[in-house]
J.: 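First the structure, which I've put down as structure tokens, then a few questions once you've had a look.
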Amino acid sequence: GAWTKFGTGELDPDFGRGEFARTTIEGIQDNWPLGVGYGNFENAYKVYERQEMIFQWFVNHAHNDFLEIIFEGGIIAALLLAAYGVLLYSSFWKHRHDALRRMALLSITFLLIHSLVDYPLRTMSLALSFALLNAIIFHAGTFARSARAGPAMEVDVGGDRFLVPIEGGTR
């Protein structure tokens, strides 16, 4: 990306993410029932691109994951995104006092905000982090430790004393 800034000279000031979004929204309006098909963004975007915005480099993503998903998947994709948002926050709300879930929701929120201006979830490390964070949010159980006291044995390790649970009361 930086190299293109040095090599292009002067670009139209309107060229960039705003222009990508406007063009993608135009495509969404024409294809809202079913979209253009997943994986077809590059080719379908060219149909809506204004002639004065065509340069040596071409647009291969909308730089907005939500718009790109809706452009490719239509109204069904938009409904699925909305359903995910509702499920995410309702699942979190049920366990809102769990610190791990609060951290996971905050991290997911940052990734989703980043997705408004780029496509971070196409990076494997961020996609895997996103999946793990969703697993934490949607985990049915609790992450809180049980306060149940059972049989335990005190163990001395390097001068520190630890209470170690034992099974069935045997040593």
J.: Which heavy-atom pair separates Thr24 from Leu67 by the least distance, and what is that distance?
T.: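 Minimum heavy-atom separation between Thr24 and Leu67: CG2-O, 3.8 Å.
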
J.: Does atom CZ of Phe110 have more than 12 heavy-atom neighbours, drawn from other residues, nucleotides or ligands, at distances under 6.0 Å?
T.: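 Open: at most 12 neighbouring heavy atoms sit under 6.0 Å from CZ of Phe110.
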
J.: Is the backbone of Arg161 close enough, under 3.5 Å, to the side chain of Asp156 for a donor and an acceptor to pair up by distance?
T.: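 Answer holds: no.
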
J.: Say whether, by atom type as modelled, one donor and one acceptor occur between the side chain of Arg102 and the main chain of Arg96 under 3.5 angstrom.
T.: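 Yes; judged by distance alone, with no hydrogens or angles, the pair exists.
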
J.: Below 4.5 Å, heavy atoms only, C-beta onward: do Pro120 and Ser115 meet side chain to side chain?
T.: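 Yes, close enough: below the 4.5 Å cut-off.
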
J.: Do you know the tightest heavy-atom contact between Met153 and Ile166?
T.: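 Looks like CB-CG2, 4.0 Å.
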
J.: Identify all side-chain donor-acceptor contacts of residues 81-92 below 3.5 Å with residues at least two apart in sequence or on another chain.
T.:
residue: Tyr84; atom: OH; partner: Asn134; partner atom: OD1; Å: 2.7
residue: Tyr84; atom: OH; partner: Asn134; partner atom: ND2; Å: 3.3
residue: Tyr89; atom: OH; partner: Thr109; partner atom: OG1; Å: 3.1
residue: Ser90; atom: OG; partner: Val86; partner atom: O; Å: 3.0
residue: Ser90; atom: OG; partner: Leu87; partner atom: O; Å: 3.2
residue: Ser91; atom: OG; partner: Ile137; partner atom: O; Å: 3.0

J.: Verify, without hydrogens or angle tests, whether Asn31 (side chain) and Gly27 (backbone) share a donor-acceptor contact under 3.5 angstrom.
T.: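 Yes, Asn31 side chain to Gly27 backbone: donor-acceptor pair under 3.5 Å.
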
J.: With a 4.5 Å cut-off on side-chain heavy-atom distances among I, L, V, M, F, W and Y, is there a chain of contacts connecting Ile136 to Phe138?
T.: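 Same hydrophobic cluster.
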
J.: Quick check: closest heavy atoms across Leu100 and Asp98, and the distance to 0.1 Å?
T.: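 Result for this residue pair: N-OD1, 3.1 Å.
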
J.: Is any side-chain heavy atom of Leu111 closer than 4.5 Å to one of Leu126?
T.: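 Leu126 reaches Leu111 side chain to side chain.
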
J.: Quick check on Leu34: does its CG atom have over 12 non-hydrogen neighbours (other residues, nucleotides or ligands) under 6.0 Å away?
T.: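 No, the 6.0 Å shell around CG holds no more than 12 heavy atoms from other groups.
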
J.: With side chains defined as the heavy atoms from C-beta onward, is the minimum distance between Ile76 and Leu80 less than 4.5 Å?
T.: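 Yes, their side chains come closer than 4.5 Å.
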
J.: Going hydrophobic residue to hydrophobic residue with side-chain gaps under 4.5 angstrom, can you get from Trp32 over to Phe71?
T.: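 Result: no, two separate clusters.
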
J.: Between Tyr38 and Ile69, is any pair of side-chain heavy atoms under 4.5 Å apart?
T.: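 Side chain of Tyr38 against side chain of Ile69, heavy atoms only: contact under 4.5 Å found.
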
J.: Do His139 and Arg101 have side chains that get closer than 4.5 Å, going by heavy atoms?
T.: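 They are in contact (side-chain heavy atoms under 4.5 Å apart), so the answer is yes.
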
J.: Could you tell me if the side chain of Phe130 sits less than 4.5 Å from the side chain of Leu112, heavy atoms only?
T.: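 Yes, at least one pair of side-chain atoms sits under 4.5 Å.
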
